2 protein chains.
Amino acid sequence: MAGERQRGVGRPNENVLSRVLIVETALDLLDLHGRDGFGMRDIARRLGVRPSALYNHVASKDDVFRGIREVIATRITVAPFVTQRWDEALITWAHSYREVFASHPPTIALLAVMPFETDSEIFGTYEQVIEVLYREGWERAEALNILVAMESFILGSALDAAAPADMMSPGDRADIPHFSAAYAERDMRTADSGAGPADQAFEAGLNLLIAGLEAQRSARAASRVAHDR
Amino acid sequence: MAGERQRGVGRPNENVLSRVLIVETALDLLDLHGRDGFGMRDIARRLGVRPSALYNHVASKDDVFRGIREVIATRITVAPFVTQRWDEALITWAHSYREVFASHPPTIALLAVMPFETDSEIFGTYEQVIEVLYREGWERAEALNILVAMESFILGSALDAAAPADMMSPGDRADIPHFSAAYAERDMRTADSGAGPADQAFEAGLNLLIAGLEAQRSARAASRVAHDR
DNA sequence: ACCTGAACACCGTTCAAGT
DNA sequence: ACCTGAACACCGTTCAAGT
(Lines give C-alpha, C1' and ligand atoms only; values in the text may rest on other atoms or scores of the structure.)
Protein backbone atom coordinates (compact mmCIF):
# COMPACT_ATOMS: atom_id res chain seq x y z
CA MET A 1 0.00 0.00 0.00
CA ALA A 2 2.79 2.40 0.94
CA GLY A 3 5.19 1.66 -1.88
CA GLU A 4 2.58 1.17 -4.59
CA ARG A 5 3.30 2.76 -7.93
CA GLN A 6 0.62 4.89 -9.49
CA ARG A 7 -1.34 2.85 -11.96
CA GLY A 8 -1.71 4.25 -15.44
CA VAL A 9 -4.90 4.47 -17.41
CA GLY A 10 -6.37 1.56 -19.31
CA ARG A 11 -7.18 -1.98 -18.31
CA PRO A 12 -4.47 -3.51 -16.06
CA ASN A 13 -2.86 -6.85 -16.94
CA GLU A 14 -4.59 -8.62 -14.08
CA ASN A 15 -7.67 -7.54 -12.14
CA VAL A 16 -7.01 -5.62 -8.96
CA LEU A 17 -10.62 -5.78 -7.80
CA SER A 18 -13.40 -8.26 -7.28
CA ARG A 19 -16.80 -8.19 -5.64
CA VAL A 20 -15.73 -10.18 -2.58
CA LEU A 21 -12.61 -8.07 -2.13
CA ILE A 22 -14.72 -4.91 -2.12
CA VAL A 23 -17.27 -6.34 0.31
CA GLU A 24 -14.63 -7.58 2.74
CA THR A 25 -12.77 -4.28 2.63
CA ALA A 26 -16.04 -2.50 3.33
CA LEU A 27 -16.70 -4.73 6.35
CA ASP A 28 -13.19 -4.09 7.66
CA LEU A 29 -13.70 -0.35 7.36
CA LEU A 30 -17.07 -0.57 9.08
CA ASP A 31 -15.50 -2.41 12.01
CA LEU A 32 -12.54 -0.06 12.17
CA HIS A 33 -14.17 3.34 11.92
CA GLY A 34 -17.89 2.77 12.28
CA ARG A 35 -20.24 4.45 9.89
CA ASP A 36 -17.95 7.45 9.58
CA GLY A 37 -15.03 6.99 7.28
CA PHE A 38 -17.05 4.41 5.46
CA GLY A 39 -17.80 5.38 1.91
CA MET A 40 -17.13 4.32 -1.63
CA ARG A 41 -14.20 6.69 -1.74
CA ASP A 42 -12.78 5.20 1.47
CA ILE A 43 -13.12 1.66 0.15
CA ALA A 44 -11.39 2.74 -3.06
CA ARG A 45 -8.54 4.46 -1.21
CA ARG A 46 -7.92 1.37 0.91
CA LEU A 47 -7.76 -0.75 -2.21
CA GLY A 48 -5.42 1.67 -3.97
CA VAL A 49 -7.92 2.35 -6.68
CA ARG A 50 -10.10 5.17 -8.01
CA PRO A 51 -13.70 5.30 -6.75
CA SER A 52 -15.18 4.80 -10.19
CA ALA A 53 -13.33 1.50 -10.57
CA LEU A 54 -15.55 -0.06 -7.91
CA TYR A 55 -18.56 0.24 -10.20
CA ASN A 56 -17.17 -2.44 -12.47
CA HIS A 57 -17.87 -4.98 -9.70
CA VAL A 58 -20.70 -3.60 -7.58
CA ALA A 59 -23.80 -1.77 -8.71
CA SER A 60 -24.02 0.74 -5.86
CA LYS A 61 -23.27 1.36 -2.21
CA ASP A 62 -26.49 -0.48 -1.40
CA ASP A 63 -25.15 -3.46 -3.29
CA VAL A 64 -22.09 -3.42 -1.05
CA PHE A 65 -24.42 -3.54 1.96
CA ARG A 66 -26.18 -6.55 0.51
CA GLY A 67 -22.82 -8.25 0.15
CA ILE A 68 -21.96 -7.50 3.77
CA ARG A 69 -25.28 -8.87 4.96
CA GLU A 70 -24.68 -12.15 3.15
CA VAL A 71 -21.18 -12.50 4.56
CA ILE A 72 -22.54 -12.03 8.06
CA ALA A 73 -25.52 -14.32 7.54
CA THR A 74 -23.12 -17.03 6.49
CA ARG A 75 -21.19 -16.72 9.71
CA ILE A 76 -24.32 -17.23 11.82
CA THR A 77 -24.95 -20.52 10.16
CA VAL A 78 -23.95 -22.92 12.87
CA ALA A 79 -25.56 -26.31 13.31
CA PRO A 80 -25.86 -27.28 16.95
CA PHE A 81 -29.27 -28.76 16.43
CA VAL A 82 -28.35 -32.33 15.58
CA THR A 83 -26.57 -33.17 18.82
CA GLN A 84 -28.23 -31.02 21.46
CA ARG A 85 -31.58 -31.07 23.21
CA TRP A 86 -34.04 -28.53 21.77
CA ASP A 87 -33.63 -25.91 24.53
CA GLU A 88 -29.85 -26.17 24.59
CA ALA A 89 -29.76 -25.93 20.81
CA LEU A 90 -31.83 -22.73 20.86
CA ILE A 91 -29.58 -21.23 23.52
CA THR A 92 -26.43 -22.06 21.58
CA TRP A 93 -27.92 -20.66 18.39
CA ALA A 94 -29.01 -17.44 20.09
CA HIS A 95 -25.57 -16.89 21.55
CA SER A 96 -23.74 -17.40 18.29
CA TYR A 97 -26.26 -15.23 16.43
CA ARG A 98 -25.81 -12.36 18.83
CA GLU A 99 -22.06 -12.72 18.88
CA VAL A 100 -21.74 -12.39 15.13
CA PHE A 101 -23.73 -9.16 15.11
CA ALA A 102 -22.20 -7.80 18.28
CA SER A 103 -18.74 -8.06 16.73
CA HIS A 104 -19.94 -5.83 13.87
CA PRO A 105 -22.06 -3.24 15.69
CA PRO A 106 -22.60 -0.78 12.85
CA THR A 107 -24.10 -3.47 10.66
CA ILE A 108 -27.00 -4.37 12.93
CA ALA A 109 -29.33 -1.54 12.13
CA LEU A 110 -28.30 -1.68 8.49
CA LEU A 111 -29.03 -5.32 8.03
CA ALA A 112 -32.05 -5.86 10.24
CA VAL A 113 -34.46 -4.29 7.78
CA MET A 114 -32.94 -5.61 4.57
CA PRO A 115 -34.64 -8.56 2.85
CA PHE A 116 -32.67 -11.75 2.34
CA GLU A 117 -32.08 -13.16 -1.10
CA THR A 118 -34.01 -16.40 -1.54
CA ASP A 119 -30.78 -18.34 -1.93
CA SER A 120 -29.39 -17.01 1.33
CA GLU A 121 -27.67 -19.46 3.62
CA ILE A 122 -29.67 -18.15 6.56
CA PHE A 123 -32.60 -20.33 5.60
CA GLY A 124 -30.70 -23.47 6.55
CA THR A 125 -30.68 -22.35 10.16
CA TYR A 126 -34.31 -21.24 10.01
CA GLU A 127 -35.24 -24.69 8.79
CA GLN A 128 -33.58 -26.31 11.75
CA VAL A 129 -35.20 -24.03 14.30
CA ILE A 130 -38.68 -24.68 12.90
CA GLU A 131 -38.01 -28.39 12.70
CA VAL A 132 -36.84 -28.76 16.28
CA LEU A 133 -39.82 -26.81 17.64
CA TYR A 134 -42.24 -28.76 15.46
CA ARG A 135 -40.79 -32.01 16.71
CA GLU A 136 -41.35 -30.82 20.27
CA GLY A 137 -45.03 -30.20 19.66
CA TRP A 138 -45.43 -26.61 18.46
CA GLU A 139 -47.51 -25.83 15.41
CA ARG A 140 -45.31 -24.69 12.58
CA ALA A 141 -46.90 -21.26 12.22
CA GLU A 142 -46.36 -20.70 15.93
CA ALA A 143 -42.79 -21.99 15.64
CA LEU A 144 -42.18 -19.35 12.98
CA ASN A 145 -43.54 -16.64 15.25
CA ILE A 146 -41.25 -17.85 18.03
CA LEU A 147 -38.30 -17.81 15.63
CA VAL A 148 -39.02 -14.24 14.59
CA ALA A 149 -39.54 -13.17 18.20
CA MET A 150 -36.21 -14.65 19.20
CA GLU A 151 -34.50 -12.93 16.29
CA SER A 152 -36.03 -9.63 17.33
CA PHE A 153 -34.74 -10.11 20.85
CA ILE A 154 -31.30 -11.08 19.61
CA LEU A 155 -31.01 -8.13 17.23
CA GLY A 156 -32.32 -5.73 19.86
CA SER A 157 -29.78 -7.10 22.31
CA ALA A 158 -27.00 -6.67 19.78
CA LEU A 159 -28.11 -3.06 19.28
CA ASP A 160 -28.00 -2.60 23.02
CA ALA A 161 -24.51 -4.10 23.19
CA ALA A 162 -23.40 -1.56 20.60
CA ALA A 163 -24.76 1.36 22.60
CA PRO A 164 -22.51 3.35 24.94
CA ALA A 165 -22.26 1.80 28.40
CA ASP A 166 -23.58 4.82 30.24
CA MET A 167 -26.59 5.16 27.97
CA MET A 168 -29.06 4.73 30.81
CA SER A 169 -27.08 6.38 33.54
CA PRO A 170 -29.46 8.27 35.85
CA GLY A 171 -26.78 10.69 37.07
CA ASP A 172 -27.72 11.78 40.55
CA ARG A 173 -31.40 12.44 40.09
CA ALA A 174 -33.31 12.15 43.36
CA ASP A 175 -36.73 11.51 41.85
CA ILE A 176 -36.04 7.98 40.63
CA PRO A 177 -34.77 6.11 43.71
CA HIS A 178 -35.60 2.57 42.65
CA PHE A 179 -34.00 2.98 39.27
CA SER A 180 -30.87 4.62 40.70
CA ALA A 181 -30.52 1.84 43.27
CA ALA A 182 -30.97 -0.79 40.59
CA TYR A 183 -28.31 0.89 38.46
CA ALA A 184 -25.84 0.92 41.35
CA GLU A 185 -26.56 -2.69 42.29
CA ARG A 186 -26.08 -3.81 38.73
CA ASP A 187 -22.71 -2.06 38.61
CA MET A 188 -21.60 -4.13 41.60
CA ARG A 189 -22.79 -7.27 39.90
CA THR A 190 -20.87 -6.26 36.78
CA ALA A 191 -17.70 -5.77 38.81
CA ASP A 192 -18.13 -9.16 40.50
CA SER A 193 -18.99 -11.30 37.50
CA GLY A 194 -17.08 -9.58 34.73
CA ALA A 195 -20.14 -9.85 32.49
CA GLY A 196 -21.10 -6.44 31.08
CA PRO A 197 -24.58 -4.97 31.56
CA ALA A 198 -25.60 -5.86 28.01
CA ASP A 199 -24.49 -9.46 28.52
CA GLN A 200 -26.44 -9.73 31.77
CA ALA A 201 -29.60 -8.40 30.14
CA PHE A 202 -29.21 -10.78 27.23
CA GLU A 203 -28.88 -13.77 29.54
CA ALA A 204 -31.85 -12.62 31.59
CA GLY A 205 -34.05 -12.25 28.52
CA LEU A 206 -32.93 -15.53 26.96
CA ASN A 207 -33.67 -17.29 30.24
CA LEU A 208 -37.16 -15.85 30.27
CA LEU A 209 -37.85 -16.87 26.69
CA ILE A 210 -36.64 -20.42 27.23
CA ALA A 211 -38.54 -20.66 30.53
CA GLY A 212 -41.65 -19.47 28.71
CA LEU A 213 -41.16 -22.18 26.09
CA GLU A 214 -40.65 -24.83 28.78
CA ALA A 215 -43.89 -23.73 30.42
CA GLN A 216 -45.81 -23.98 27.13
CA ARG A 217 -44.33 -27.38 26.43
CA SER A 218 -45.08 -28.89 29.83
CA ALA A 219 -48.60 -27.43 29.79
CA ARG A 220 -49.12 -29.13 26.45
CA ALA A 221 -47.79 -32.42 27.81
CA ALA A 222 -50.09 -32.20 30.85
CA SER A 223 -53.18 -31.54 28.74
CA ARG A 224 -52.26 -34.46 26.51
CA VAL A 225 -52.07 -36.77 29.51
CA ALA A 226 -55.43 -35.47 30.77
CA HIS A 227 -56.91 -36.05 27.35
CA ASP A 228 -55.53 -39.57 27.00
CA ARG A 229 -56.87 -40.62 30.36
CA MET B 1 -46.12 27.39 1.39
CA ALA B 2 -47.28 27.91 -2.20
CA GLY B 3 -47.99 31.63 -2.11
CA GLU B 4 -45.12 32.67 0.15
CA ARG B 5 -43.20 35.74 -0.89
CA GLN B 6 -39.46 35.51 -1.12
CA ARG B 7 -37.92 36.83 2.05
CA GLY B 8 -35.23 39.47 1.76
CA VAL B 9 -31.92 39.46 3.51
CA GLY B 10 -31.50 40.60 7.09
CA ARG B 11 -33.23 39.63 10.30
CA PRO B 12 -36.98 39.26 9.81
CA ASN B 13 -39.44 41.13 12.04
CA GLU B 14 -40.53 37.99 13.79
CA ASN B 15 -38.73 34.65 13.98
CA VAL B 16 -39.73 32.10 11.39
CA LEU B 17 -37.84 29.26 13.03
CA SER B 18 -37.42 27.59 16.39
CA ARG B 19 -35.79 24.43 17.63
CA VAL B 20 -39.05 22.56 18.19
CA LEU B 21 -40.37 23.60 14.78
CA ILE B 22 -37.27 22.21 13.12
CA VAL B 23 -37.39 18.97 15.09
CA GLU B 24 -41.07 18.38 14.35
CA THR B 25 -40.62 19.13 10.67
CA ALA B 26 -37.72 16.68 10.61
CA LEU B 27 -39.89 13.98 12.20
CA ASP B 28 -42.65 14.64 9.68
CA LEU B 29 -40.22 14.28 6.81
CA LEU B 30 -38.81 11.10 8.28
CA ASP B 31 -42.29 9.59 8.49
CA LEU B 32 -43.21 10.78 5.01
CA HIS B 33 -40.18 9.85 2.98
CA GLY B 34 -38.04 7.65 5.18
CA ARG B 35 -34.34 8.26 5.38
CA ASP B 36 -34.24 9.44 1.78
CA GLY B 37 -35.42 12.95 1.22
CA PHE B 38 -34.46 13.71 4.79
CA GLY B 39 -31.70 16.24 5.05
CA MET B 40 -31.02 19.70 6.36
CA ARG B 41 -31.82 21.09 2.93
CA ASP B 42 -35.13 19.23 2.85
CA ILE B 43 -36.08 20.51 6.30
CA ALA B 44 -35.19 24.02 5.19
CA ARG B 45 -37.20 23.78 1.97
CA ARG B 46 -40.26 22.58 3.85
CA LEU B 47 -39.95 25.52 6.23
CA GLY B 48 -39.49 27.99 3.38
CA VAL B 49 -36.06 28.95 4.57
CA ARG B 50 -32.43 28.69 3.52
CA PRO B 51 -30.46 25.74 4.89
CA SER B 52 -28.00 27.94 6.73
CA ALA B 53 -30.82 29.53 8.71
CA LEU B 54 -31.35 26.26 10.59
CA TYR B 55 -27.99 26.60 12.25
CA ASN B 56 -29.23 29.51 14.31
CA HIS B 57 -31.40 27.03 16.24
CA VAL B 58 -29.73 23.64 16.03
CA ALA B 59 -26.04 22.80 16.22
CA SER B 60 -25.99 20.05 13.61
CA LYS B 61 -27.96 17.28 11.97
CA ASP B 62 -27.03 15.09 14.92
CA ASP B 63 -28.60 17.65 17.19
CA VAL B 64 -31.83 17.32 15.23
CA PHE B 65 -31.72 13.57 15.84
CA ARG B 66 -31.32 14.16 19.56
CA GLY B 67 -34.40 16.35 19.45
CA ILE B 68 -36.39 13.68 17.64
CA ARG B 69 -35.33 11.06 20.16
CA GLU B 70 -36.57 13.18 23.04
CA VAL B 71 -39.91 13.86 21.36
CA ILE B 72 -40.41 10.14 20.88
CA ALA B 73 -39.27 9.22 24.38
CA THR B 74 -41.86 11.60 25.75
CA ARG B 75 -44.61 9.84 23.83
CA ILE B 76 -43.72 6.47 25.34
CA THR B 77 -44.19 7.84 28.81
CA VAL B 78 -47.48 6.30 29.73
CA ALA B 79 -48.30 5.35 33.32
CA PRO B 80 -50.41 2.21 33.49
CA PHE B 81 -48.54 0.96 36.53
CA VAL B 82 -50.63 2.44 39.27
CA THR B 83 -53.91 0.73 38.45
CA GLN B 84 -52.91 -2.57 36.87
CA ARG B 85 -51.44 -5.80 38.15
CA TRP B 86 -47.68 -6.11 37.52
CA ASP B 87 -47.94 -8.44 34.52
CA GLU B 88 -50.76 -6.50 32.88
CA ALA B 89 -48.86 -3.28 33.44
CA LEU B 90 -45.76 -4.67 31.72
CA ILE B 91 -47.83 -5.88 28.79
CA THR B 92 -49.53 -2.51 28.38
CA TRP B 93 -46.21 -0.72 28.60
CA ALA B 94 -44.57 -3.02 26.03
CA HIS B 95 -47.41 -2.48 23.58
CA SER B 96 -47.37 1.29 23.81
CA TYR B 97 -43.58 1.36 23.63
CA ARG B 98 -43.54 -0.69 20.46
CA GLU B 99 -46.38 1.27 18.92
CA VAL B 100 -44.59 4.59 19.28
CA PHE B 101 -41.52 3.28 17.54
CA ALA B 102 -43.40 1.27 14.96
CA SER B 103 -45.22 4.42 13.82
CA HIS B 104 -41.83 6.02 13.12
CA PRO B 105 -39.89 3.14 11.58
CA PRO B 106 -36.84 5.02 10.33
CA THR B 107 -36.13 6.36 13.81
CA ILE B 108 -35.67 3.01 15.51
CA ALA B 109 -32.17 2.20 14.42
CA LEU B 110 -31.21 5.85 14.77
CA LEU B 111 -32.36 6.18 18.32
CA ALA B 112 -31.61 2.78 19.78
CA VAL B 113 -27.91 3.45 20.15
CA MET B 114 -28.10 7.07 21.22
CA PRO B 115 -27.60 7.89 24.92
CA PHE B 116 -30.39 9.63 26.76
CA GLU B 117 -29.89 12.97 28.39
CA THR B 118 -30.01 12.59 32.17
CA ASP B 119 -33.08 14.78 32.37
CA SER B 120 -34.96 12.65 29.85
CA GLU B 121 -38.57 11.83 30.61
CA ILE B 122 -37.92 8.19 29.83
CA PHE B 123 -36.56 7.65 33.33
CA GLY B 124 -39.99 8.11 34.83
CA THR B 125 -41.17 4.96 33.11
CA TYR B 126 -37.99 3.09 33.97
CA GLU B 127 -38.55 3.94 37.61
CA GLN B 128 -42.01 2.44 37.53
CA VAL B 129 -40.90 -0.78 35.84
CA ILE B 130 -38.14 -1.35 38.40
CA GLU B 131 -40.45 -0.51 41.26
CA VAL B 132 -43.20 -2.91 40.23
CA LEU B 133 -40.76 -5.79 39.73
CA TYR B 134 -39.02 -5.05 43.03
CA ARG B 135 -42.34 -5.06 44.82
CA GLU B 136 -43.06 -8.47 43.34
CA GLY B 137 -39.87 -9.93 44.72
CA TRP B 138 -37.13 -9.44 42.12
CA GLU B 139 -33.77 -8.01 43.14
CA ARG B 140 -33.36 -4.57 41.69
CA ALA B 141 -30.27 -5.40 39.64
CA GLU B 142 -32.17 -8.31 38.11
CA ALA B 143 -35.18 -6.07 37.54
CA LEU B 144 -32.94 -3.72 35.55
CA ASN B 145 -31.67 -6.59 33.44
CA ILE B 146 -35.25 -7.63 32.77
CA LEU B 147 -36.14 -4.06 31.81
CA VAL B 148 -33.25 -3.87 29.34
CA ALA B 149 -34.08 -7.29 27.92
CA MET B 150 -37.68 -6.25 27.35
CA GLU B 151 -36.55 -3.04 25.68
CA SER B 152 -34.25 -5.03 23.41
CA PHE B 153 -37.11 -7.28 22.44
CA ILE B 154 -39.42 -4.32 21.85
CA LEU B 155 -36.92 -2.43 19.71
CA GLY B 156 -36.03 -5.55 17.78
CA SER B 157 -39.71 -6.17 17.15
CA ALA B 158 -40.20 -2.61 15.98
CA LEU B 159 -37.30 -3.09 13.57
CA ASP B 160 -38.95 -6.24 12.34
CA ALA B 161 -42.24 -4.42 11.86
CA ALA B 162 -40.43 -1.85 9.72
CA ALA B 163 -38.93 -4.50 7.49
CA PRO B 164 -40.58 -5.48 4.22
CA ALA B 165 -43.26 -8.15 4.65
CA ASP B 166 -41.63 -10.66 2.34
CA MET B 167 -38.24 -10.35 4.01
CA MET B 168 -38.14 -14.01 4.98
CA SER B 169 -39.98 -15.42 2.02
CA PRO B 170 -38.45 -18.79 1.09
CA GLY B 171 -39.62 -18.65 -2.53
CA ASP B 172 -40.10 -22.19 -3.74
CA ARG B 173 -36.95 -23.77 -2.42
CA ALA B 174 -37.38 -27.52 -1.95
CA ASP B 175 -34.58 -27.99 0.57
CA ILE B 176 -36.33 -26.27 3.49
CA PRO B 177 -39.70 -28.05 3.80
CA HIS B 178 -40.46 -27.28 7.44
CA PHE B 179 -39.74 -23.62 7.03
CA SER B 180 -41.74 -23.35 3.82
CA ALA B 181 -44.70 -25.10 5.45
CA ALA B 182 -44.45 -22.82 8.48
CA TYR B 183 -44.40 -19.78 6.22
CA ALA B 184 -47.51 -20.93 4.35
CA GLU B 185 -49.36 -21.80 7.57
CA ARG B 186 -48.54 -18.42 9.04
CA ASP B 187 -49.91 -16.71 5.94
CA MET B 188 -53.24 -18.48 6.51
CA ARG B 189 -53.23 -17.39 10.13
CA THR B 190 -52.53 -13.83 9.00
CA ALA B 191 -55.46 -13.92 6.61
CA ASP B 192 -57.76 -15.27 9.34
CA SER B 193 -56.84 -13.01 12.23
CA GLY B 194 -55.93 -9.81 10.41
CA ALA B 195 -52.83 -9.49 12.62
CA GLY B 196 -49.71 -9.10 10.49
CA PRO B 197 -46.73 -11.45 10.83
CA ALA B 198 -44.77 -8.90 12.85
CA ASP B 199 -47.69 -8.45 15.25
CA GLN B 200 -48.04 -12.19 15.73
CA ALA B 201 -44.34 -12.59 16.48
CA PHE B 202 -44.44 -9.71 18.94
CA GLU B 203 -47.36 -11.25 20.82
CA ALA B 204 -45.67 -14.65 20.84
CA GLY B 205 -42.46 -13.23 22.27
CA LEU B 206 -44.19 -11.04 24.82
CA ASN B 207 -46.20 -14.07 25.97
CA LEU B 208 -43.01 -16.05 26.44
CA LEU B 209 -41.33 -13.27 28.42
CA ILE B 210 -44.30 -12.80 30.73
CA ALA B 211 -44.70 -16.58 31.13
CA GLY B 212 -41.02 -16.77 32.04
CA LEU B 213 -41.51 -14.05 34.65
CA GLU B 214 -44.57 -15.84 36.08
CA ALA B 215 -42.51 -19.03 36.37
CA GLN B 216 -39.71 -17.22 38.22
CA ARG B 217 -42.18 -15.56 40.53
CA SER B 218 -44.10 -18.69 41.46
CA ALA B 219 -40.85 -20.63 41.93
CA ARG B 220 -39.76 -17.92 44.36
CA ALA B 221 -43.07 -18.10 46.20
CA ALA B 222 -42.82 -21.89 46.47
CA SER B 223 -39.30 -21.78 47.88
CA ARG B 224 -40.39 -19.15 50.39
CA VAL B 225 -43.19 -21.40 51.62
CA ALA B 226 -40.78 -24.32 51.91
CA HIS B 227 -38.38 -22.14 53.84
CA ASP B 228 -41.01 -20.81 56.24
CA ARG B 229 -42.18 -24.23 57.13
C1' DA C 1 -30.22 37.85 17.16
C1' DC C 2 -31.64 35.81 12.90
C1' DC C 3 -32.18 35.77 8.19
C1' DT C 4 -29.95 35.44 2.94
C1' DG C 5 -26.37 34.31 -0.32
C1' DA C 6 -22.15 32.51 -1.57
C1' DA C 7 -18.80 29.33 -0.74
C1' DC C 8 -16.13 25.07 1.04
C1' DA C 9 -15.10 20.44 1.42
C1' DC C 10 -17.15 16.72 0.89
C1' DC C 11 -20.38 12.73 -1.06
C1' DG C 12 -22.19 8.63 -4.68
C1' DT C 13 -22.29 7.91 -9.38
C1' DT C 14 -21.62 8.41 -14.59
C1' DC C 15 -19.03 8.29 -18.59
C1' DA C 16 -15.55 8.99 -22.11
C1' DA C 17 -10.94 7.69 -23.00
C1' DG C 18 -7.23 4.41 -22.68
C1' DT C 19 -5.27 -0.49 -22.85
C1' DA D 1 -13.45 -6.17 -19.66
C1' DC D 2 -11.49 -3.05 -16.35
C1' DC D 3 -8.88 0.66 -15.10
C1' DT D 4 -8.07 6.30 -14.86
C1' DG D 5 -9.59 11.03 -14.94
C1' DA D 6 -12.86 14.45 -15.20
C1' DA D 7 -17.28 15.75 -14.33
C1' DC D 8 -22.24 16.02 -12.34
C1' DA D 9 -25.55 16.65 -8.96
C1' DC D 10 -25.74 16.39 -4.68
C1' DC D 11 -24.59 16.74 0.67
C1' DG D 12 -23.73 19.27 5.76
C1' DT D 13 -21.75 23.29 7.37
C1' DT D 14 -19.43 28.01 7.69
C1' DC D 15 -19.39 32.75 7.34
C1' DA D 16 -19.76 37.50 5.77
C1' DA D 17 -23.23 40.75 4.78
C1' DG D 18 -27.66 42.69 5.73
C1' DT D 19 -31.52 44.37 9.05
Side-chain angles (χ1 to χ4, degrees), chain A residues 1 4-30 32-69 106-107 110 114, chain B residues 1 4-30 32-69 106-107 110 114:
Chain A
M1 197 196 277
E4 290 295 340
R5 286 271 147 274
Q6 173 100 4
R7 208 180 356 260
V9 295
R11 186 188 186 198
N13 293 338
E14 57 182 308
N15 285 10
V16 272
L17 293 178
S18 72
R19 188 184 155 84
V20 292
L21 190 60
I22 291 170
V23 168
E24 273 164 13
T25 305
L27 187 51
D28 285 350
L29 280 174
L30 214 49
L32 276 173
H33 304 112
R35 295 215 54 176
D36 312 333
F38 170 71
M40 298 302 273
R41 290 173 131 95
D42 301 290
I43 298 171
R45 191 181 310 117
R46 190 159 233 254
L47 288 166
V49 109
R50 299 291 182 173
S52 52
L54 301 174
Y55 291 85
N56 290 303
H57 304 271
V58 295
S60 63
K61 194 177 182 181
D62 230 65
D63 192 28
V64 176
F65 284 139
R66 279 194 289 275
I68 291 179
R69 133 148 272 176
T107 65
L110 252 45
M114 207 178 290
Chain B
M1 195 196 274
E4 290 295 340
R5 288 269 149 272
Q6 172 103 3
R7 208 178 359 260
V9 295
R11 184 190 186 194
N13 294 339
E14 57 182 309
N15 286 10
V16 271
L17 293 178
S18 72
R19 186 184 157 83
V20 290
L21 190 61
I22 292 170
V23 168
E24 272 164 13
T25 306
L27 187 51
D28 285 350
L29 280 175
L30 215 48
L32 277 172
H33 304 112
R35 297 217 50 178
D36 312 334
F38 169 72
M40 299 302 275
R41 290 172 130 97
D42 301 291
I43 299 171
R45 190 181 312 118
R46 189 158 232 255
L47 287 167
V49 107
R50 300 290 182 171
S52 53
L54 301 173
Y55 291 85
N56 290 303
H57 303 273
V58 295
S60 63
K61 195 177 182 180
D62 230 64
D63 192 28
V64 176
F65 284 139
R66 279 193 290 273
I68 291 179
R69 133 148 271 175
T107 65
L110 251 45
M114 207 179 292

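In what follows, chains are A, B, ... by sequence order, proteins preceding strands, each numbered from 1. Keep in mind that this is a model prediction, so the values were computed, not measured.
For A/His57, the side-chain atoms get nearest to D/dC2 when compared with the rest of D/dT4, C/dT4, D/dC2. Closest to the side chain of B/Ala53, from the set D/dT4, D/dC15, C/dC3, is C/dC3. For B/Tyr55, the listed nucleotide lying nearest its side chain is D/dT13; candidates were D/dA7, D/dT13, C/dG18. Checked against D/dA6, D/dG12, C/dC11, the side chain of B/Met40 finds its nearest nucleotide in D/dG12. In the set D/dG12, C/dC3, C/dT14, the nucleotide with an atom closest to the side chain of B/Val49 is C/dC3.
When all heavy atoms are compared, the tightest approach of B/Leu54 to B/Met40 is CD1-O, 3.3 Å. Between B/Thr25 and B/Leu21, the shortest heavy-atom distance links the atoms OG1-O, 2.7 Å. Annotation for B/Leu17 and B/Ala53: closest pair CD1-O, 3.7 Å, computed over non-hydrogen atoms. In terms of heavy atoms, A/Val23 sits closest to A/Gly67 at CG1-C, 3.6 Å. The heavy-atom pair separating B/Arg7 from B/Gly48 by the smallest distance is NH2-O, 2.7 Å.
Applying a 4.0 Å cut-off to non-hydrogen atoms, the residues of residues 12-21 of chain B that approach DNA chain C are B/Pro12, B/Asn15, B/Val16, B/Leu17, listed by residue number.
Among residues two or more places apart in sequence or in another chain, the side-chain contact (heavy atoms from CB on, under 4.5 Å) test is passed with B/Asp63 by B/Arg19, B/Val58, B/Ala59, B/Ser60, B/Arg66.
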_Step-by-step side chain to side chain contact (heavy atoms under 4.5 Å, CB included) determination, B/Asn56 to B/Arg11_ = CA-CA 12 Å; B/Asn56 290 303; B/Arg11 184 190 186 194; over 6 Å; no
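With hydrogens and angles left out, the side chain of A/Arg11 and the base of C/dG18 share no donor-acceptor pair within 3.5 Å. Within 3.5 Å, no donor on the side chain of B/Ser60 pairs with an acceptor on the base of D/dG12, nor the reverse.
Between A/Arg7 and D/dT4 there is a side-chain N or O to OP1 or OP2 distance below 4.0 Å. For C/dG5, one of the phosphate oxygens OP1 or OP2 lies less than 4.0 angstrom from a side-chain nitrogen or oxygen of B/Arg50.
The NZ atom of A/Lys61 sits 6.0 Å away from the CZ atom of A/Phe38 when rounded to the nearest 0.5 Å. Here the CZ atom belonging to A/Arg45 is positioned 9.0 Å from the CG atom belonging to A/Leu29, to the nearest 0.5 angstrom.
Straight-line distance from the CZ atom of B/Arg41 to the P atom of C/dT4: 14 Å, rounded to whole Å. Taking atom CG of residue B/Leu54 and atom P of nucleotide D/dC15, one finds them 17 Å apart after rounding to whole Å. Atom C1' of nucleotide D/dT13 and atom NZ of B/Lys61 are separated by 12 Å, given to the nearest angstrom. Rounded to whole Å, the distance from CG on A/Asn56 to P on C/dG12 is 17 Å. Distance, A/Ile22 CD1 to C/dG12 P: 13 Å, rounded to whole Å.
Put simply, the side chain of A/Asp42 gets close to the backbone of A/Gly39: a donor and an acceptor are under 3.5 Å apart.
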*asked:* What does the 5'-to-3' dot-bracket notation of DNA chain D look like when only Watson-Crick and G-U wobble pairs under 3.5 Å count, and pairs to other strands show as |?
replied: ||.|||||...|||||.||
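Nearer the 5' end of DNA chain D, as judged by each residue's closest nucleotide, is the contact made by B/Pro51, out of B/Pro51 and B/Val9.
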